[in-house]
Amino acid sequence: MNIAIVTGASSGMGKECAEILADCFSGISEIWLIARRKERLEKLSESLPVKTKIISVDLGKEGAVRTLQEELEKTSPRVRFLVNAAGFGAIGKAGEISAELSASMVRVNCESLTRITETVLPYMPGNSRILNFASAAAFLPQPGFAVYAATKAYVLSYSRALGAELKPRRIAVTAVCPGPVRTEFFDIAERTGEIPLYKKLVMADAGRVARAAVRDCMAGKSISVYGITMKGFRLLCSILPHEWLLKIWDVFPPGNTDSSGQETV
């Protein structure tokens, strides 16, 4: 049985990717939808043209990945696609947001992504694909969004190294690094701070970002960056010293350069 596994599937980029995989890949017989909000997963499941399995867990809690592991051991499927789209961000300087909230970002954005990936890998045959949702925030440290940006830098680095390791197995790994995307990610992020207007003005459509990510993944690209603005931002961060860019950053109010459209699960 060929399946796809999508985390953060109840909204944002996870939901978009689940819909694309269901519509465009006839070889996938089942999609496993993982998120915290069961009612949303059930609604999504009803709209998809393929069989689904709903795994309602909070990836921020201890032992959440064990549920997925048990399902894999029970059915031994061939996982053709793994989409790690679960994640969240909170705006605020150190001391302004709680230490527990910061630690939770690390657990969901880094630890859970790593655990899920390495739990699923034994079930992935050759020519399979992994999409890890990082962020344009991974390209530059970001005061006021420090923990989130650091977690996404981890996802980017981990994904590129993992891709090199899995190349002999013909498994491609793509780190998706979007800029601002029109999703409810902002509703979560703005609970602890305000996102600057200029970032809202350059938001991309979630469906277009997801389609580009899937195309880039199928093409075997290690990084997927949507849009000329974020491609320019990536180039700028690769050319100029980060110390210079952080001085420029002081001119603008704190906030996030990216909203990757992810959802806490």
Side-chain angles (χ1 to χ4, degrees), residues 7-8 10-16 35-37 58-61 84-113 132-158 175-206 209 225-227 229-230 232-234 236-237 242-265:
T7 74
S10 63
S11 69
M13 302 308 300
K15 179 176 180 291
E16 295 287 343
R36 173 174 49 88
R37 295 175 290 188
D58 185 343
L59 294 179
K61 294 184 177 179
N84 282 307
F88 77 99
I91 301 170
K93 296 179 181 179
E96 293 180 351
I97 58 177
S98 70
E100 177 54 35
L101 184 59
S102 293
S104 183
M105 274 189 278
V106 176
R107 284 195 300 271
V108 174
N109 298 356
C110 299
E111 182 180 340
S112 290
L113 179 144
N132 288 334
F133 273 82
S135 159
F139 302 145
L140 178 72
Q142 297 192 16
F145 216 40
V147 175
Y148 177 80
T151 65
K152 294 307 176 181
Y154 169 87
V155 173
L156 176 57
S157 178
Y158 173 68
V176 187
C177 299
V181 180
R182 292 186 185 91
T183 70
E184 62 183 37
F185 175 96
F186 281 112
D187 297 333
I188 298 172
E190 287 193 300
R191 290 173 186 172
T192 53
E194 184 178 354
I195 294 172
L197 176 62
Y198 71 89
K199 295 172 182 177
K200 296 182 180 181
L201 294 176
V202 295
M203 284 191 202
D205 176 75
V209 174
V225 181
Y226 177 83
T229 302
M230 288 303 111
F233 178 66
R234 179 190 176 194
L236 189 68
C237 292
H242 285 183
E243 288 80 2
W244 295 6
L245 294 173
L246 289 173
K247 289 180 180 178
I248 298 172
W249 189 271
D250 290 338
V251 177
F252 300 99
N256 67 314
T257 291
D258 153 85
S259 169
S260 58
Q262 294 179 280
E263 186 261 348
T264 308
V265 294

(message) Can you tell me how far apart CG (Leu140) and CZ (Arg234) are? Round to the nearest 0.5 Å.
(response) 14.0 Å
(request) Mind checking the CG-OG spacing from Asp58 to Ser104? Nearest 0.5 Å is all I need. (result) 7.5 Å
Closest heavy-atom pair and its distance - [X], [Y]:
{"X": "Pro141", "Y": "Pro143", "value": "O-CD, 3.7 Å"}
{"X": "Met13", "Y": "Ala206", "value": "CE-O, 3.4 Å"}
{"X": "Asn84", "Y": "Asn132", "value": "ND2-OD1, 2.8 Å"}
{"X": "Gln142", "Y": "Ala137", "value": "NE2-CA, 3.1 Å"}
{"X": "Ala136", "Y": "Phe233", "value": "O-CE2, 3.3 Å"}
{"X": "Tyr148", "Y": "Gly89", "value": "CD1-CA, 3.5 Å"}

Quick one, [X] and [Y] - any side-chain contact, counting heavy atoms below 4.5 Å?
{"X": "Leu236", "Y": "Trp244", "result": "no"}
{"X": "Met230", "Y": "Cys177", "result": "no"}
{"X": "Arg37", "Y": "Ser11", "result": "yes"}
{"X": "Phe139", "Y": "Leu156", "result": "yes"}

(request) Please identify each residue that fulfils side chain to side chain donor-acceptor pair (under 3.5 Å) with Tyr158, with sequence neighbours left out. (result) Glu118
(request) Only counting residues at least two apart or in another chain, list the ones meeting side chain to side chain donor-acceptor pair (under 3.5 Å) with Thr151. (result) Asn109
(message) Given 3.5 Å as the limit, does a donor-acceptor pair link the side chain of Ser112 with the main chain of Leu59, or not?
(response)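 Judged by distance alone, yes, a pair lies under 3.5 Å.
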(request) Sort and list the pairs that fulfil salt bridge (charged side-chain N to carboxylate O under 4.0 Å, His left out) and have at least one residue in residues 101-111, not counting sequence neighbours. (result) Glu100-Arg107, Glu111-Arg115
